Amino acid sequence: MLNIVLFGPPGAGKGTQSERLIEQYQLVHLSTGDIFRANIKNATELGLMAKSFMDQGQLVPDEVTINMLKAEVLNRPDAKGFIFDGFPRTDPQAEALDALLNELGTSITMMIALEVEEGELKLRLAKRAEVSGRADDANPEVIQNRIDVYNRETAPVKNFYMQQSKFHAIDGIGSIDEITSRIFNLIDSNRT
Ligand code: AMP
């Protein structure tokens, strides 16, 4: 199986690049943010709970997020591999993911981190707000909070994968096509 953690701050291009990756490698795309948003749209109990955190740019608690992610993975026994987009965002989430994949007889192949500096992230998120309809893209204070939460709670997750020699950084500045080919080259050179 090819199991990729696509990592990076909000606005780095994880969602966009995930679309390219699932097509190229026939992977199942699991975006925890998308799953939460679908739950909000359907007014589920999980959605109601997640919304209060998301609207403020805070992380949804680990236990809830981990249980949801586990259910999604177990729901796809036919998968050739997964792209985890927006997960793990904390060390306990990374540990839970390792344990789950281990139970399934597989593991994370690599973490690919899209690197984009903060000024560019803010420009991209402001632009995305015009089309995404996401409340958390529209408010500069919430954007700042999401970036701060990323730096404080999520960026350290890199170390977890560095210790396993699975961490790879990609320059996330350039055209969408350029960044896609950087990622494809990285994956292909790691598989052969
Ligand atoms: P995203 O679509 O990845 O930008 O996520 C949007 C929001 O959903 C985040 O700001 C968090 O509030 C929540 N969220 C998504 N993934 C996670 C996660 N792995 N852990 C905790 N909260 C998450």
Side-chain angles (χ1 to χ4, degrees), residues 3-22 27-75 82-101 108 111-116 118 120-161 172:
N3 295 313
I4 295 173
V5 172
L6 195 56
F7 195 73
K14 300 187 293 294
T16 305
Q17 296 300 334
S18 288
E19 293 306 321
R20 306 285 185 94
L21 285 166
I22 52 173
L27 305 174
V28 171
H29 179 205
L30 291 184
S31 156
T32 40
D34 284 353
I35 301 166
F36 284 133
R37 279 184 290 278
N39 274 277
I40 292 173
K41 207 168 158 203
N42 295 326
T44 67
E45 208 175 307
L46 174 68
L48 274 177
M49 200 282 266
K51 188 175 187 314
S52 57
F53 295 95
M54 291 170 76
D55 283 351
Q56 295 174 45
Q58 298 292 348
L59 295 183
V60 178
D62 277 342
E63 200 191 331
V64 176
T65 307
I66 289 168
N67 285 337
M68 178 187 85
L69 191 277
K70 272 188 188 170
E72 294 284 335
V73 170
L74 294 174
N75 211 14
F82 292 94
I83 296 191
F84 298 99
D85 163 6
F87 185 96
R89 264 173 153 102
T90 63
D91 280 334
Q93 290 183 14
E95 280 158 21
L97 182 59
D98 261 16
L100 173 66
L101 295 180
I108 290 296
M111 167 184 264
I112 302 176
L114 294 174
E115 296 193 328
V116 177
E118 193 167 320
E120 171 71 12
L121 294 175
K122 288 179 182 164
L123 290 175
R124 289 188 188 179
L125 289 168
K127 212 166 159 200
R128 187 168 83 184
E130 293 167 16
V131 290
S132 72
R134 282 178 56 171
D136 61 347
D137 284 345
N139 179 332
E141 271 174 37
V142 174
I143 288 180
Q144 186 63 55
N145 202 23
R146 286 161 67 202
I147 292 173
D148 292 346
V149 166
Y150 173 82
N151 288 331
R152 195 174 59 237
E153 297 181 50
T154 302
V157 176
K158 285 178 194 173
N159 298 326
F160 184 90
Y161 292 96

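Computed over heavy atoms, backbone and side chain alike; hydrogens, waters and symmetry mates excluded. These figures come from a predicted structure and were not determined experimentally. Ligands are counted one by one from 1 in listed order, and the atoms in each one are counted from 1 as well.
Residue P10 comes nearest to R146 through the heavy atom pair CB-NH2, 3.7 Å, listed as atom of the first residue, atom of the second, then distance.
For Q144, the side chain to side chain donor-acceptor pair (under 3.5 Å) test picks out E118, K122, D148, with sequence neighbours left out. In terms of the side chain to side chain donor-acceptor pair (under 3.5 Å) criterion, residue partners of S132 (sequence neighbours excluded) are, by chain and number, D137.
Near ligand 1, heavy-atom contacts under 4.0 Å come from T32, G33, F36, R37, M54, Q58, L59, V60, T65, G86, F87, R89, Q93, R134, D136, R146.
No option in T65, I66, D85 other than T65 meets the side-chain contact (heavy atoms from CB on, under 4.5 Å) test with T32.
Checking side-chain atoms of K14 against main-chain N and O of P9 turns up a donor-acceptor pair under 3.5 Å.
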Side chains of residues 54-61: which donor-acceptor partners sit under 3.5 Å, not counting sequence neighbours?
| unit_1 | atom_1 | unit_2 | atom_2 | d |
| --- | --- | --- | --- | --- |
| D55 | OD2 | K51 | NZ | 2.5 |
| Q56 | NE2 | S52 | O | 3.2 |

